[in-house]
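Written below as structure tokens is the structure these notes are about.
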Amino acid sequence: MNDLSTPSGASLETPALNRIFVLARSVFALLGFAVALVVALPQARDGILNQFHAVAWKPVMRVALVPPGDTVETGGPAAAAHTLMFSPRALQETGSATGDAVHAVPVAGHDADREAARAALTHYIANRYRVADEVVSRIVDTAYRAADANALDPLVVLAVVATESRYNPIAESVVGAKGLMQIIAKFHPEKLAGHGGEDALFEPAVNIQVGAQILHEYLRRYGDLETALQVYAGAIDDSDTRYARKVLAERARLQQALERSQRAA
């Protein structure tokens with residue numbers, strides 16, 4: 001009887017141990033999946049960090065700019081940024097600024113200069129991103145108008161478009177960000193109400209207009225372009241400010257394209 005009872009006891013313990021082992025393995029697998037998801041989809045934090053309203057107006061903004069000579073590619077280490085001080089109203093009215101990076105602001109004061117700048121940007125962007133000239137031309141024109149309306153640098157607006165969607169007006173992320181500037185509609189219903197709602201984000205003019213308004217609000221709130229860009233990307237906790245560096249590196253390339261065009265003229 002003793003010989004027969006021993007296997008019976010072992011057979012009772014084995015399923016229980018197996019169940020505990022399977023349960024533990026499942027828990028660790030779920031934890032690993034969650035960690036991998038957060039790492040793979042940092043944009044999932046957009047909804048929490050990205051979408052706030054401005055609460056205070058700051059008449060002078062400090063803008064961190066990558067020097068025009070910097071040829072750093074997106075994602076690489078950026079050179080030390082210069083600091084540029086400007087009044088939003090003065091920038092709109094005169095196209096000028098003050099500071100050690102004043103030459104980096106491309107806003108022209110005359111219509112002919114602005115048209116030449118837009119044409120040069122259209123040519124550069126269309127070739128770089130392989131998008132039709134007429135499509136890029138409309139995006140550039142819209143970016144300039146949105147920048148004028150929100151006291152922004154138009155090259156920053158275009159750099160955000162390049163970084164977010166590579167000029168694809170129907171781009172959509174896994175977290176629901178849509179269009180050229182990858183806007184999450186549920187956080188800005190008041191901005192979209194007059195445009196027909198969320199589906200309007202796939203219209204380039206609406207998307208850029210709303211995106212510029214959002215960026216303008218962050219600039220008003222924080223007074224610093226680098227911080228505003230990090231908040232826009234939902235990456236405020238990134239001490240390396242990688243998103244802002246990507247945008248500013250792209251802006252520097254646009255600036256270089258303008259300067260090459262001016263030298264060739």
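Atoms considered below: every heavy atom in the structure, side chains included; atoms not considered: hydrogens, waters and symmetry mates.
No side-chain heavy atom of Val131 sits less than 4.5 Å from a side-chain heavy atom of Ile139. No side-chain heavy atom of Asn150 sits under 4.5 Å from any side-chain heavy atom of Leu219. For the pair Arg260/Arg263, a side-chain contact is recorded, criterion being any heavy-atom separation below 4.5 Å from C-beta on. When side chains are defined from C-beta on, Ser137 does not count as touching Arg118, because their heavy atoms never get closer than 4.5 Å. The closest side-chain heavy-atom distance from Arg130 to Arg166 is not below 4.5 Å. A heavy-atom distance below 4.5 Å is not found between the side chains of Leu121 and Tyr124. Ile170 has its side chain out of reach of Lys178: every pair of non-hydrogen atoms, C-beta onward, lies at least 4.5 Å apart. By the 4.5 Å heavy-atom criterion applied to side chains, Thr142 and Gln209 are not counted as neighbours.
For the residue pair Leu192 and Ala185, the shortest heavy atom distance occurs at CD1-CB, 3.6 Å. Nearest heavy atoms, Asp133 versus Thr122: O-CG2, 3.5 Å. Nearest heavy-atom pair, Leu180 versus Pro204, reported as atom, atom and distance to 0.1 Å: CD1-CB, 3.6 Å. The minimum heavy-atom distance between Ala159 and Leu254, with the atom names listed, is N-CD1, 4.0 Å. Closest of all the heavy-atom pairs between Tyr144 and Ala117 is OH-CB, 3.7 Å. Across all non-hydrogen atoms, the minimal contact from Tyr167 to Ile125 is OH-CD1, 3.3 Å.
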Step-by-step side chain to side chain contact (heavy atoms under 4.5 Å, CB included) determination, Arg251 to Gln256: CA-CA 9 Å; Arg251 188 212 174 279; Gln256 290 169 11; over 6 Å; no

Derivation of the salt bridge (charged side-chain N to carboxylate O under 4.0 Å, His left out) call for Arg253 and Glu250: CA-CA 5 Å; Arg253 285 187 284 272; Glu250 177 64 21; 3.1 Å; yes

From CA spacing to verdict: side chain to side chain contact (heavy atoms under 4.5 Å, CB included), Val231, Arg221: CA-CA 11 Å; Val231 175; Arg221 179 173 183 178; over 6 Å; no

Derivation and outcome, side chain to side chain contact (heavy atoms under 4.5 Å, CB included), residues Leu229 and Leu215: CA-CA 7 Å; Leu229 288 170; Leu215 187 56; 4.0 Å; yes

Candidate pair Arg245 and Asp240, rule salt bridge (charged side-chain N to carboxylate O under 4.0 Å, His left out), full reasoning: CA-CA 9 Å; Arg245 287 174 179 267; Asp240 293 330; over 6 Å; no

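The main-chain N or O of Ala244 is found under 3.5 Å from a side-chain atom of Gln230 such that the two form a donor-acceptor pair.
Side chains of Gln255 and Glu259: a donor on one and an acceptor on the other come within 3.5 Å. Side-chain atoms of Tyr243 and Glu164 form a donor-acceptor pair, as typed in the model, at a separation below 3.5 Å.
The CG atom of Leu225 sits 5.5 Å away from the CG atom of Leu248 when rounded to the nearest 0.5 Å. Distance CD/Gln213 to CD/Glu190: 9.0 Å, rounded to 0.5 Å. Separating the OG atom in Ser173 from the CD1 atom in Ile183 is a distance of 11.5 Å, to the nearest 0.5 Å. Residue Ser165 holds its OG atom at 9.0 Å from CE of Met181, rounded to the nearest 0.5 Å. A distance of 5.5 Å separates NZ of Lys191 from CD1 of Ile214, quoted to the nearest 0.5 Å.
Dense packing is recorded around NE2 of His195, with more than 12 heavy atoms of other residues, nucleotides or ligands lying under 6.0 Å away.
Cluster membership check: Phe202 does not share its hydrophobic cluster with Tyr129, using side-chain heavy-atom separations under 4.5 Å among Ile, Leu, Val, Met, Phe, Trp and Tyr.
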